[in-house]
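Notes to accompany the following structure.
Each chain gets a letter, A, B and so on, in the order the sequences are listed, and its residues count up from 1.
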Amino acid sequence: MQSMHRWSELFIPTLREAPADAEVASHKFLVRAGYIRQLAAGIYSYLFLGQRSFTKIIGIVRQEMDKVGQEFYLPALHPRELWEASGRWSVMGDNLFRLKDRKGTDLCLGFTEEEIMAEIARKELRSYKQLPQIWYQIAPKFRDEPRPPKSGLLRVRQFLMKDSYSFDIDPAGLDVSYLKHYDAYCRIFDRCGLTYVVVEAHSGAMGGTESHEFMVRTPAGEDLIVSCEKCNYAANLEKASSRLKPVEDLAAAGDGKPVEVHTPGQKTIEDVARYLGVSPKNKIKTLALIVNENDPKTGKAKPRPVVVLMRGDHQLNDAKLSTAVAGKETRPMQEDEIRNLFRSPAGFLGPIGIDWAKDLQDFGRPILLVDEALRNRKNLIAGANKEDYHLKNLTPGHDFQPTAYADLRSVTAGESCPKCGAPLRIDPAVEIGHIFKLGYKYSAAMGARVLDRNGKEVTPIMGSYGIGIERILTAAIEQSNDENGFWLPPQIAPFEIANVRDDLVRTTAEDIARRLSSAGFDVLLDDRDERPGVKFKDADLVGIPFRVTVGKKVTEGTVEIVQRSTREIHDASIGAVTDYFQSLLRPAR
RNA sequence: CGGGGAGUGGCUCAGCCUGGUAGAGCACCUGGUUCGGGACCAGGGGGUCGGAGGUUCAAAUCCUCUCUCCCCGACCA
């Protein structure tokens, strides 16, 4: 793509002011620098500079992916049948963009492409000799998620994704394909100049086992990642665990049997703990939820109450809860539902006095999930399911029987690393890549089968792997900006060098730009008839990492080379400019 | 889905409360001066005030409905 472009002939609509609705740096600067324009909520047009940067990012992704897989290009328009086969037509709900053709046939826009890839595998793959396969594409994805689009390109409804899918004969093969992706992703993000963290991730509602996310720490991020100050432990908050300091249990009161205490008007954990003079750590937090299950008899969705017990000072983690109930959808109970089902006012809920053995009205049998942090605890305090009363002396396993113990709580900053015990930190981050051991879900659903070496029919095992193309650019901007604009790593910048020319020395600037471009650099020559101040401001704004200023010093045979990130100025003789960039940007290997 | 905010020229916004000929800065066009950090002077073009309906002699302004965009929440019982 090396070439010299003249700014005066290009469409680079820079703005002095950011749009009023932009909040994060990358959004403001992408618009101000003329990279993108909004078309509708979460839908953006990519203009010349933006598209040029994406082309470079995609080039890097493609180069590295070609080392491990084969590039396809799949349709964005999918027939309903394929999504019915995997069950995702209904599971995805409104997240899918759906449409009908003129005959009334249902279609949806590609969300990811497991179904399509698995369908190809079903039709074409016959033998273990054809495995492993890794197929990838770089194509638009469409999502209409409940969380509305925001933050410019960080969360949108149409975006570019590199998605790949692996097919292996057995889990050991999947491990290899997974590792290949892990390594390829590291190379891609390294080459894109990003500082990133690889974290263990929640494997999601779709089953599957191992999963890692590639995250870039930034306050603009919507995910929270937990990482150890000392060792290499890092995980998404949805998955992270920690070591807890032991808690001293209360001494049994009276004969040790559950006993009611009067707690008039004390509804919150804090209130009750203060009122009784104990720590919230000795109190049980009782949460009532509803999970929608399918009744095997009727085939209809049947709601089932789920009661969750946590240590009083702990927070329920939705993702962990979702795993604990096998990925089914949950929602908090309404106050009147609590009153109805448990005969208890909200605020005085507890595990005692609920009949765990039978259906509650139209709902199924209740489930009692207890967080691991309550295992082996004793003499705890919980609501008595009675207005203004709590119970003391409650010991899990003795006074009530959990349906199951599970890890349900969110880690908080400062807790101890599960590997080494050092303090954990929590940071917001943007997810730029995700790799996933899918298992057999899609290959089985689509009916893919191959013969193994014994002539036996087996279902190939799949992995799926995604990279958000736009997020690479936004993460890079979030990492490198100041009040005047941003600077990109040269590998993904629309141009590597901006050449600002003074009108008096027009020919010198043209000459330098021409020499740089024929040496293989992407050069943007600012030949506009503008005052120097305007050109400098624009050069600072638009993300180009280096600037050559041809000005007064030309009389001494010198030009300025400015590094945008540091503002460092280096005077170079006119003849040495090309060599300078050669050694800086194209060092011999 | 719930709550809040906002739609006035390409951009940022004022005007609305208290109805009476639609404004500013930036951007754009012409001419001139200027030229190393978003110049200055003079002249000029550009707006169905998101849309529909209503009240009124008269609506950007008041009322009703609607569309769009932004933010927060989807939780601690």
Checking A/Arg409 against A/Leu316 for the side-chain contact (heavy atoms from CB on, under 4.5 Å) test, could you report, in this order, the C-alpha distance in whole Å, the side-chain angles of both residues, the deciding distance, and whether it holds? CA-CA 5 Å; A/Arg409 76 184 178 89; A/Leu316 176 64; over 6 Å; no
When the [atom1] atoms of [M] and [N] are compared, how many Å lie between them, rounded to an integer?
{"N": "B/rG38", "M": "B/rU12", "atom1": "C1'", "result": "15 Å"}
{"N": "B/rA60", "M": "B/rC49", "atom1": "C1'", "result": "5 Å"}
{"N": "B/rG47", "M": "B/rG23", "atom1": "P", "result": "13 Å"}
{"N": "B/rU61", "M": "B/rC17", "atom1": "C1'", "result": "9 Å"}
{"N": "B/rC69", "M": "B/rG50", "atom1": "P", "result": "16 Å"}
{"N": "B/rG2", "M": "B/rC11", "atom1": "C1'", "result": "33 Å"}
{"N": "B/rU21", "M": "B/rA58", "atom1": "P", "result": "15 Å"}
{"N": "B/rG19", "M": "B/rG54", "atom1": "C1'", "result": "15 Å"}

What nucleotide, of [options], holds the atom closest to the side chain of [X]?
{"X": "A/Leu287", "options": "B/rA77, B/rG36, B/rC69", "answer": "B/rA77"}
{"X": "A/Lys537", "options": "B/rC70, B/rG36, B/rG38", "answer": "B/rG38"}
{"X": "A/Gln315", "options": "B/rC76, B/rG36, B/rA39", "answer": "B/rC76"}
{"X": "A/Asp540", "options": "B/rU12, B/rG37, B/rC76", "answer": "B/rG37"}
{"X": "A/Asp21", "options": "B/rC71, B/rC69, B/rG36", "answer": "B/rC69"}
{"X": "A/Arg16", "options": "B/rC69, B/rC26, B/rC35", "answer": "B/rC26"}
{"X": "A/Asp538", "options": "B/rC69, B/rC76, B/rG38", "answer": "B/rG38"}
{"X": "A/Pro19", "options": "B/rU12, B/rC71, B/rG36", "answer": "B/rU12"}
{"X": "A/Arg531", "options": "B/rC69, B/rC71, B/rA39", "answer": "B/rA39"}

How close do A/Leu394 and A/Pro396 get, heavy atom to heavy atom, and via which atoms?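 Reported closest heavy-atom pair: O-CD, 4.0 Å.
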Hunt down the Watson-Crick or G-U wobble partner of [N], both distances under 3.5 Å, from any strand shown, or write none.
{"N": "B/rC13", "result": "B/rG23"}
{"N": "B/rU18", "result": "none"}
{"N": "B/rA59", "result": "none"}
{"N": "B/rA74", "result": "none"}
{"N": "B/rC40", "result": "B/rG32"}
{"N": "B/rG45", "result": "none"}

Mind checking whether A/Phe29 and A/Phe486 have parallel, tilted or perpendicular rings, split at 30° and 60°?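 Because their plane-to-plane angle lies in the 30° to 60° range, the rings of A/Phe29 and A/Phe486 count as tilted.
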On the 0 to 90° scale, with breaks at 30° and 60°, tag the A/His5-A/Phe48 ring pair as parallel, tilted or perpendicular.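 Tilted, since the angle between the ring planes falls between 30° and 60°.
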I need the [atom1]-[atom2] distance between [X] and [N], as an integer number of Å.
{"X": "A/Glu145", "N": "B/rC1", "atom1": "CD", "atom2": "P", "answer": "17 Å"}
{"X": "A/Lys281", "N": "B/rC76", "atom1": "NZ", "atom2": "P", "answer": "22 Å"}
{"X": "A/Lys150", "N": "B/rC72", "atom1": "NZ", "atom2": "C1'", "answer": "9 Å"}
{"X": "A/Asp529", "N": "B/rG38", "atom1": "CG", "atom2": "P", "answer": "17 Å"}
{"X": "A/Ile561", "N": "B/rG36", "atom1": "CD1", "atom2": "P", "answer": "21 Å"}
{"X": "A/Glu17", "N": "B/rA14", "atom1": "CD", "atom2": "P", "answer": "12 Å"}
{"X": "A/Glu560", "N": "B/rG36", "atom1": "CD", "atom2": "P", "answer": "12 Å"}
{"X": "A/Phe536", "N": "B/rC35", "atom1": "CZ", "atom2": "P", "answer": "15 Å"}

Sugar-phosphate only, base, or nothing, as touched by [X] at under 4.0 Å among non-hydrogen atoms:
{"X": "A/Ala22", "result": "nothing"}
{"X": "A/Arg32", "result": "base"}
{"X": "A/Pro149", "result": "sugar-phosphate"}
{"X": "A/Ser410", "result": "nothing"}
{"X": "A/Ala288", "result": "base"}

Specify the residue among A/Thr286 and A/Ala40 whose closest nucleotide of RNA chain B lies further upstream toward the 5′ end.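 Looking at the nearest nucleotide for each, A/Ala40 comes out on the 5' side.
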Reading RNA chain B from 5' onward, which residue's closest nucleotide shows up sooner: A/Leu289 or A/Tyr44?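 This one resolves to A/Tyr44.
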Does a donor on one side chain sit under 3.5 Å from an acceptor on the other, for A/Arg471 and A/Ser26?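 Judged by distance alone, the side chains do not pair up.
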Regarding A/Glu470 and A/Tyr46, is there a side-chain donor-to-acceptor distance under 3.5 Å anywhere?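 There is such a pair between these side chains.
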ring-ring contact (aromatic ring centres under 6.0 Å, His included), that's the test. Do A/Phe581 and A/Phe546 meet it? Break it down for me. CA-CA 9 Å; A/Phe581 283 111; A/Phe546 295 98; 5.6 Å; yes
Treating A/Lys535 as the side-chain partner and A/Asp526 as the backbone partner, does any N or O pair qualify as donor plus acceptor under 3.5 Å?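 Looks like yes, one N/O pair under 3.5 Å.
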When you measure only distances, ignoring hydrogens and angles, does the side chain of A/Arg547 come within 3.5 Å of the base of B/rG37 through a donor and an acceptor?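 When only heavy-atom distances are counted, A/Arg547 does reach the base of B/rG37 through a donor-acceptor pair under 3.5 Å.
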